[in-house]
Amino acid sequence: QAQLVESGGGLVQAGGSLRLSCAGSGRTFNAYSMGWFRQAPGKEREFVAAISWNGALTDYANSVKGRFTISRDNAKNTASLQMNSLKPEDTAVYYCAGTSRGRAATWVRPTDYDFWGQGTQVTVSS
C-alpha cells in the first residue's frame with residue numbers, strides 16, 4: 001500500500017480558497033482510487049470527494065459540489081483538492097485516502113478505503 005501525506009491546510013477567511021495536496025509513496029499510485037474526507041470536532045468522518053485511477057470519474061458530496069474540485073497527477077503520485085468559496089462549516093481535519101477495491105470506480109464510505117494520510121487542518125473564519 002502507498003503511504004499518504006497531506007499538506008496545504010491552514011486558516012482562511014470565508015469566501016477564500018485553499019488547495020490541499022496528497023503525496024503518495026510506495027506502490028504504484030495509479031493502482032488506487034482516491035478520496036478526500038473530513039472530520040469536524042464531535043462529528044463523524046464524512047465524504048468530500050473521490051476520483052478514479054485515471055480521473056475519468058469524480059464524485060462530490062452535495063455540500064461541496066460546485067465549490068471543490070478533486071484531481072490527480074499519477075506521474076507525480078499526487079492527488080489534490082481545490083477548495084473555493086470556503087465556508088465556516090468547511091472547518092475540519094481533511095484526510096486523503098486510497099483504496100484498491102476497484103480503481104475504475106469512486107468510493108464514498110470511509111470503510112471502502114484501505115489506507116489514510118495523517119490529516120491536515122482547515123479552518124475557515126467568518
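The backbone N or O of Ala105 lies less than 3.5 Å from a partner atom in the side chain of Ser33, making a donor-acceptor pair. A donor-acceptor pair is defined here as one N or O able to donate and one able to accept, closer than 3.5 Å; such a pair exists between the side chain of Thr99 and the backbone of Arg101. The backbone N or O of Gly102 sits less than 3.5 Å from a side-chain atom of Trp107, completing a donor-acceptor pair. Asp114 contributes a side-chain N or O that, together with a main-chain N or O of Ser100, makes up a donor-acceptor pair within less than 3.5 Å.
The distance between the ring centers of Tyr60 and Phe47 does not fall below 6.0 angstrom.
With values rounded to the nearest 0.5 angstrom, Thr78 atom OG1 is found 11.5 Å from Leu4 atom CG. For the atom pair Trp116 CH2 and Tyr113 OH, the distance stands at 7.5 Å (nearest 0.5 Å).
Both tests do not hold together for Arg38 against Tyr95: distance to the six-membered ring centre under 6.0 Å, angle to the ring axis within 45°. Relative to the ring axis of Trp53, Arg72 does not place its NZ or CZ within 45° and under 6.0 Å from the centre.
Residues Asn84 and Ser17 share a closest heavy-atom pair of OD1-OG, 2.9 Å. Contact detail for Val12 and Leu18: the closest heavy-atom pair is CG1-CD1, 4.0 Å. Listed here is the closest heavy atom pair of Thr91 and Ala40: O-CB, 3.8 Å. Residues Met83 and Leu20 share a closest heavy-atom pair of CE-CG, 3.7 Å. Nearest heavy-atom pair, Ile70 versus Met34, reported as atom, atom and distance to 0.1 Å: CD1-O, 4.3 Å. Annotation for Cys22 and Trp36: closest pair CB-CZ2, 3.7 Å, computed over non-hydrogen atoms.
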key: side-chain contact (heavy atoms from CB on, under 4.5 Å) between Asp59 and Val108, intermediate numbers included   = CA-CA 8 Å; Asp59 198 4; Val108 301; 3.4 Å; yes
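Leu86 places a side-chain heavy atom less than 4.5 Å from the side chain of Phe68. Looking at heavy atoms from C-beta onward, Glu6 lies out of side-chain contact with Ser21 at the 4.5 angstrom threshold.
With 3.5 Å as the limit, one finds a donor-acceptor pair spanning the side chains of Asn54 and Ser52.
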